[in-house]
Amino acid sequence: MPTKQQIDHAINEHFDAWNAQDQARWSANFSDDIVFEDPYGGLLKEGPQAVQHSWENSFKNGDVWTLECLLKQVCLDQAALVVRSTGSVNGKPAVVEGIEIYTVNDSGKVCHIRTYFNPPEGMELDPYFSQQT
């Protein structure tokens with residue numbers, strides 16, 4: 001079971017590396033068996049390839065997304081967060097608020113992410129994040 005400090009570090013590293021656009025540091029924060037349910041109900045994304053594709057599909061066409069943790073609760077090996085993502089969709093400003101659940105393994109690496117969000121009204125997200133299973 002990871003410690004609360006390991007979980008806090010993994011979550012802080014996730015947000016700090018993402019907002020700094022440090023792909024190498026962000027990618028290193030995940031276990032090799034990472035599972036993304038991003039968003040929940042969409043296509044299941046697994047392993048290092050999922051990490052790479054999540055990054056590439058979030059920052060393509062020069063888009064930049066900033067993540068802000070509005071609330072975090074840690075219980076056992078998971079952290080539940082309320083997150084605000086600010087960026088753009090097809091060149092138009094967008095704000096997405098959602099709930100994200102992170103599971104951290106005994107090594108302090110993020111091994112599972114489940115996100116719950118809806119695209120801003122009238123906007124369609126990249127198919128990588130919106131295709132249903």
Side-chain angles (χ1 to χ4, degrees):
M1 181 72 62
T3 65
K4 183 177 184 312
Q5 291 77 19
Q6 284 177 302
I7 294 169
D8 283 337
H9 175 76
I11 299 303
N12 291 340
E13 187 71 0
H14 175 79
F15 282 79
D16 291 346
W18 181 275
N19 290 336
Q21 296 183 38
D22 186 338
Q23 183 179 6
R25 186 165 55 112
W26 184 78
S27 297
N29 197 42
F30 297 103
S31 66
D32 288 338
D33 61 349
I34 180 67
V35 175
F36 287 90
E37 294 182 78
D38 185 21
Y40 181 72
L43 297 174
L44 198 63
K45 304 157 186 89
E46 300 178 85
Q49 193 172 43
V51 174
Q52 180 181 347
H53 289 152
S54 291
W55 184 273
E56 290 170 352
N57 284 287
S58 295
F59 289 101
K60 68 182 175 184
N61 302 322
D63 290 342
V64 174
W65 286 89
T66 301
L67 307 179
E68 179 183 5
C69 179
L70 303 176
L71 177 68
K72 175 176 63 175
Q73 295 293 333
V74 174
C75 294
L76 299 175
D77 62 344
Q78 296 187 350
L81 292 77
V82 175
V83 176
R84 178 181 295 137
S85 302
T86 305
S88 62
V89 176
N90 299 321
K92 295 180 181 175
V95 176
V96 177
E97 291 188 348
I99 297 170
E100 301 184 3
I101 312 287
Y102 294 74
T103 303
V104 176
N105 67 18
D106 292 347
S107 299
K109 300 285 187 180
V110 177
C111 61
H112 197 121
I113 297 177
R114 181 178 284 165
T115 66
Y116 301 83
F117 65 88
N118 292 301
E121 193 167 324
M123 292 187 163
E124 190 172 316
L125 297 178
D126 185 281
Y128 187 76
F129 299 105
S130 59
Q131 293 177 347
Q132 299 297 309
T133 57

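Numbers here are sequence positions counted from 1.
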For the residue pair His112 / Tyr102, report whether a side-chain donor-acceptor contact shorter than 3.5 Å exists.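 No, no side-chain donor-acceptor contact under 3.5 Å.
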For Asn19 and Thr66, test the side chains for any donor-to-acceptor distance below 3.5 angstrom and give the result as yes or no.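 No, because no side-chain N or O of Asn19 sits under 3.5 Å from a partner of the opposite role on Thr66.
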Under the side-chain contact (heavy atoms from CB on, under 4.5 Å) criterion, do Glu37 and Leu44 qualify, and how do the steps go? CA-CA 5 Å; Glu37 294 182 78; Leu44 198 63; 3.4 Å; yes
Classify the ring geometry of Tyr40 against Tyr116: parallel below 30°, tilted from 30° to 60°, perpendicular beyond 60°. tilted
Could you label the plane-to-plane angle of the Phe59 and Trp55 rings as parallel, tilted or perpendicular, counting under 30° as parallel and over 60° as perpendicular? tilted
If you measure from the Lys or Arg side-chain nitrogens to the Asp or Glu carboxylate oxygens, is any gap between Arg25 and Glu13 under 4.0 Å?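 Yes.
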Partner residues of Ala94 under the side chain to side chain contact (heavy atoms under 4.5 Å, CB included) criterion, sequence neighbours left out: Trp65, Val89, Pro120, Met123
4.5 Å side-chain heavy-atom contact, [X] and [Y]:
X     : Y     : result
Thr86 : Glu68 : no
Glu97 : Leu70 : yes
Leu67 : His14 : yes

Minimum heavy-atom distance [X]-[Y], with the two atoms named:
X      : Y     : answer
Leu43  : Lys45 : O-NZ, 3.0 Å
Ser54  : Ser58 : O-OG, 2.8 Å
Phe117 : Gly98 : CB-CA, 4.2 Å

Passing option when Val74 is tested against Leu81, Ile7, Thr3 for side-chain contact (heavy atoms from CB on, under 4.5 Å):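 With Val74 as partner, Leu81, Ile7, Thr3 yield a single side-chain contact (heavy atoms from CB on, under 4.5 Å), made by Ile7.
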Would Val64 and Val96 show up in the same hydrophobic cluster when neighbours are defined by side-chain heavy atoms closer than 4.5 Å? yes
Verify side-chain contact (heavy atoms from CB on, under 4.5 Å) between Asp16 and Trp26, making sure each step is shown before the conclusion. CA-CA 8 Å; Asp16 291 346; Trp26 184 78; over 6 Å; no
Quick check for you: to the nearest 0.5 Å, what is the distance between [X] atom [atom1] and [Y] atom [atom2]?
X     : Y     : atom1 : atom2 : value
Gln49 : His53 : CD    : NE2   : 4.5 Å
Gln6  : Asp77 : CD    : CG    : 11.0 Å
Cys69 : Arg84 : SG    : CZ    : 11.0 Å

N/O donor-acceptor pairs under 3.5 Å from side chains in residues 103-111, not counting sequence neighbours:
residue: Thr103; atom: OG1; partner: Gln78; partner atom: NE2; Å: 3.2
residue: Asn105; atom: OD1; partner: Ser107; partner atom: N; Å: 2.9
residue: Asn105; atom: OD1; partner: Gly108; partner atom: N; Å: 3.2
residue: Asn105; atom: OD1; partner: Lys109; partner atom: N; Å: 3.0
residue: Asp106; atom: OD1; partner: Met1; partner atom: N; Å: 2.7
residue: Lys109; atom: NZ; partner: Ala28; partner atom: O; Å: 2.5

Take Asp8 and Lys72, measure what side-chain contact (heavy atoms from CB on, under 4.5 Å) needs, and give me the verdict at the end. CA-CA 9 Å; Asp8 283 337; Lys72 175 176 63 175; 2.9 Å; yes
Please walk me through it: do Glu46 and Ile34 pass side-chain contact (heavy atoms from CB on, under 4.5 Å)? CA-CA 6 Å; Glu46 300 178 85; Ile34 180 67; over 6 Å; no
